[in-house]
Amino acid sequence: MKITFLGLGNMGSAIANVSAKNSYNVLGWDYNANVVNEINAHSRNSAYLEGVTLNKNLRATSNINEAALWGEIVFVALPSKFIENTLAPLKDVINKNQIIVNLSKGINKTTKQTSVELIKNIFPENDIVMLAGPAIANEIALEMPTAVVLASQNQEVSKKVAQVLNNAYFKTVLSQDYLGAELSGILKNIYAVGLGIIDGLNITSVNFRSVYYTLALREIASVVGAFGGDEKTVYHVSGAGDLFATCLSVHSHNRHFGELISRGMKLEQIKEEIKLLPEGYNTLHTFLEIAAQKNINFELAKSIACVVEDVLCSKEFVNKIINLV
């Protein structure tokens with residue numbers, strides 16, 4: 001079976017390498033010619049996975065049509081803001097029999113559509129699978145064990161994707177609640193920003209962190225339920241597992257963003273330092289609007305937004321958290 005990856009950032013490269021190590025022929029596309037050339041010449045992607053040697057079964061191309069035509073399974077590993085513009089030109093290139101697996105976790109701030117919804121609009125006849133769960137790319141690349149969820153209404157399709165990914169260190173479990181899995185993966189980025197704010201204050205209390213995680217999970221579950229997903233999904237690896245991984249990882253862009261905010265940096269300064277603001281920042285404001293429309297309890301996220309926008313100081317944020325219990 002041939003496998004395609006659209007986007008060879010850290011997550012795309014890490015999961016593509018899992019497939020390649022499992023003896024599948026993998027062709028990845030990326031807009032960055034330096035990434036493509038380094039993968040083909042040296043089996044490395046130092047821009048995103050420094051120090052990692054990639055499997056020889058992974059090749060790269062700068063021709064997106066070539067990549068789109070290659071695989072029976074097409075993994076989409078693009079930042080959510082680039083999904084529509086990148087995939088729309090492929091509407092008549094990807095055929096309806098190709099399976100599309102979404103790795104992106106974000107929501108369009110204008111249309112309020114999730115990544116899966118955007119992909120479904122472009123490819124309405126294709127089977128789409130959502131990959132969610134604790135999947136820190138740098139750890140996967142080093143073969144540290146984890147388990148993720150493959151969520152789709154078509155379990156046979158999910159099994160086909162699982163066949164490509166399963167090995168001794170990367171396990172997949174199947175779910176039909178793709179909505180709950182995707183929303184959990186999107187929303188956890190917001191609360192990783194909040195955990196970063198706490199880290200920026202050098203609060204090391206396990207008690208306090210436990211309270212914070214509990215409130216975050218409760219709020220994620222309330223959103224998933226309001227959208228018609230299964231709240232139980234939030235307490236599985238695609239929800240709680242992903243939340244904990246993103247909050248705890250030193251590689252988390254969302255947590256790091258929260259730390260910088262907590263230490264007094266302004267948004268413009270942070271933009272200069274990290275170039276692209278993380279998914280959690282964009283998701284936060286979009287879901288604040290959605291929560292207001294749907295009358296969802298979103299008080300913890302509101303408090304995070306107040307700190308980010310410099311309306312609430314970080315120390316006041318801590319008191320807000322305790323009072324939300």
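Computation of the quantities below employed the complete heavy-atom set of this structure, encompassing side-chain atoms and omitting hydrogens, waters and symmetry-equivalent molecules. Computed from a predicted structure; not experimentally measured.
- Residues Ile136 and Tyr213 do not share a hydrophobic cluster, defined by chaining ILVMFWY side chains whose heavy atoms lie under 4.5 Å apart.
- Thr146 places none of its side-chain heavy atoms less than 4.5 Å from the side chain of Glu139.
- With 3.5 Å as the limit, one finds a donor-acceptor pair spanning the side chains of Asn108 and Thr111.
- We find that Lys320 and Glu316 are not joined by a salt bridge, their nearest charged nitrogen and carboxylate oxygen being 4.0 Å or further apart.
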What do the steps show when you test Ile107 against Ser80 for side chain to side chain contact (heavy atoms under 4.5 Å, CB included), and what is the final call? CA-CA 7 Å; Ile107 188 165; Ser80 62; over 6 Å; no
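- A donor atom on one side chain and an acceptor atom on the other are not found under 3.5 Å apart for Glu72 and Tyr24.
- Judged by distance alone, the side chains of Glu38 and Ser46 do bring a donor and an acceptor atom under 3.5 Å apart.
- Contact of the Val116 side chain with the Tyr178 side chain is registered, since non-hydrogen atoms from C-beta on lie closer than 4.5 Å.
- Taking NZ from Lys294 and CD1 from Ile290, the interatomic distance works out to 8.0 Å, rounded to the nearest 0.5 Å.
- Around CG of Asn323, the count of heavy atoms belonging to other residues, nucleotides or ligands within 6.0 Å exceeds 12.
- Annotation: side chain of Val129 is not in contact with side chain of Asn102 (no heavy-atom distance under 4.5 Å).
- Asp177 has no carboxylate O lying under 4.0 Å from a charged side-chain N of Lys232, or vice versa, which leaves the two without a salt bridge.
- Taking each heavy atom of Trp29 and Asn63 in turn, the nearest pair found is CD1-C, 3.7 Å.
- Note: Ile190 CD1 to Leu284 CG = 5.0 Å, rounded to the nearest 0.5 Å.
- Residues Arg255 and Ser249 are not in side-chain contact: their nearest non-hydrogen atoms beyond the backbone lie 4.5 Å or more apart.
- In the displayed structure, Tyr31 atom OH is contacted under 6.0 Å by at most 12 heavy atoms of other residues, nucleotides or ligands.
- With respect to Arg263 and Asp199, no salt bridge is recorded, no charged nitrogen being found less than 4.0 Å from a carboxylate O.
- A donor and an acceptor atom, one from each side chain of Ser13 and Asn45, are located under 3.5 Å apart.
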Determine, stepwise, if the pair Lys302 / Leu288 fulfils side chain to side chain contact (heavy atoms under 4.5 Å, CB included). CA-CA 7 Å; Lys302 284 181 185 176; Leu288 283 173; 3.5 Å; yes
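- In this structure, the separation between CG on Asn40 and OG1 on Thr61 is 8.0 Å, given to the nearest 0.5 Å.
- Note on Ile100 and Val164: separate hydrophobic clusters, where clusters join Ile, Leu, Val, Met, Phe, Trp and Tyr whose side-chain heavy atoms are under 4.5 Å apart, directly or indirectly.
- Using bins of under 30°, 30° to 60° and over 60° for the plane-to-plane angle, the ring pair Phe298/Phe287 lands in the tilted bin.
- A heavy-atom distance below 4.5 Å is found between the side chains of Ile15 and Ile140.
- Thr53 and Arg44 form a side-chain donor-acceptor contact under 3.5 Å, judged by distance and modelled atom types alone.
- No chain of hydrophobic side-chain contacts below 4.5 Å, direct or via other Ile, Leu, Val, Met, Phe, Trp or Tyr residues, connects Met144 to Val149.
- The line from CG of Leu87 to CD1 of Ile122 is 5.0 Å long, rounded to the nearest 0.5 Å.
- When the shell of 6.0 Å around CD of Gln155 is examined, it contains more than 12 heavy atoms from other residues, nucleotides or ligands.
- Side-chain N or O atoms of Thr233 include one that pairs as donor or acceptor with a backbone N or O of Asp230 at under 3.5 Å.
- Looking at Glu117 and Lys120, no side-chain N of the basic residue comes within less than 4.0 Å of a carboxylate O on the acidic one, giving no salt bridge.
- Follow the hydrophobic side-chain contacts under 4.5 Å out from Trp70 and you never reach Ile64; the two are in separate clusters.
- Note that OH of Tyr235 is 6.0 Å distant from CG of Leu217, once rounded to the nearest 0.5 Å.
- In this structure, a donor-acceptor pair under 3.5 Å is absent between the side chains of Asn55 and Asn17.
- With a 4.5 Å cut-off on side-chain heavy atoms, Leu215 and Tyr191 do not count as touching.
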Between Leu90 and Leu6, does the side chain to side chain contact (heavy atoms under 4.5 Å, CB included) criterion hold? Intermediate values first, please. CA-CA 11 Å; Leu90 302 177; Leu6 301 180; 3.9 Å; yes
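- Both the sub-6.0 Å distance and the 45° axial angle are not jointly satisfied by Lys188 relative to the ring of Phe244.
- Classification of Lys160 and Glu156 as a salt-bridged pair fails, no side-chain N sitting under 4.0 Å from a carboxylate O.
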Working note: Leu58 + Phe5, criterion side chain to side chain contact (heavy atoms under 4.5 Å, CB included); need CA distance, chi angles, decisive distance, verdict. CA-CA 10 Å; Leu58 170 59; Phe5 275 78; 5.8 Å; no
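- Between Glu279 and Lys81 there is no salt bridge, since none of the side-chain N atoms of the basic residue sits less than 4.0 Å from a carboxylate O of the acidic one.
- Placement of Ile3 and Val161 within a single hydrophobic cluster is found when ILVMFWY residues are connected by side-chain heavy-atom separations under 4.5 Å, directly or transitively.
- Considering only heavy atoms from C-beta on, Ile186 comes within 4.5 Å of Thr114 through its side chain.
- Counted by atom type alone, Asn166 and Thr172 present one or more donor-acceptor pairs between their side chains at under 3.5 Å.
- The side-chain heavy atoms of Ile73 and Met1, taken from C-beta on, include a pair separated by under 4.5 Å.
- Within the 3.5 Å criterion, the main-chain N or O of Leu165 finds a donor-acceptor partner in the side chain of Asn22.
- Atoms CD and CD, from Gln113 and Glu84 in turn, are 7.0 Å apart once rounded to the nearest 0.5 Å.
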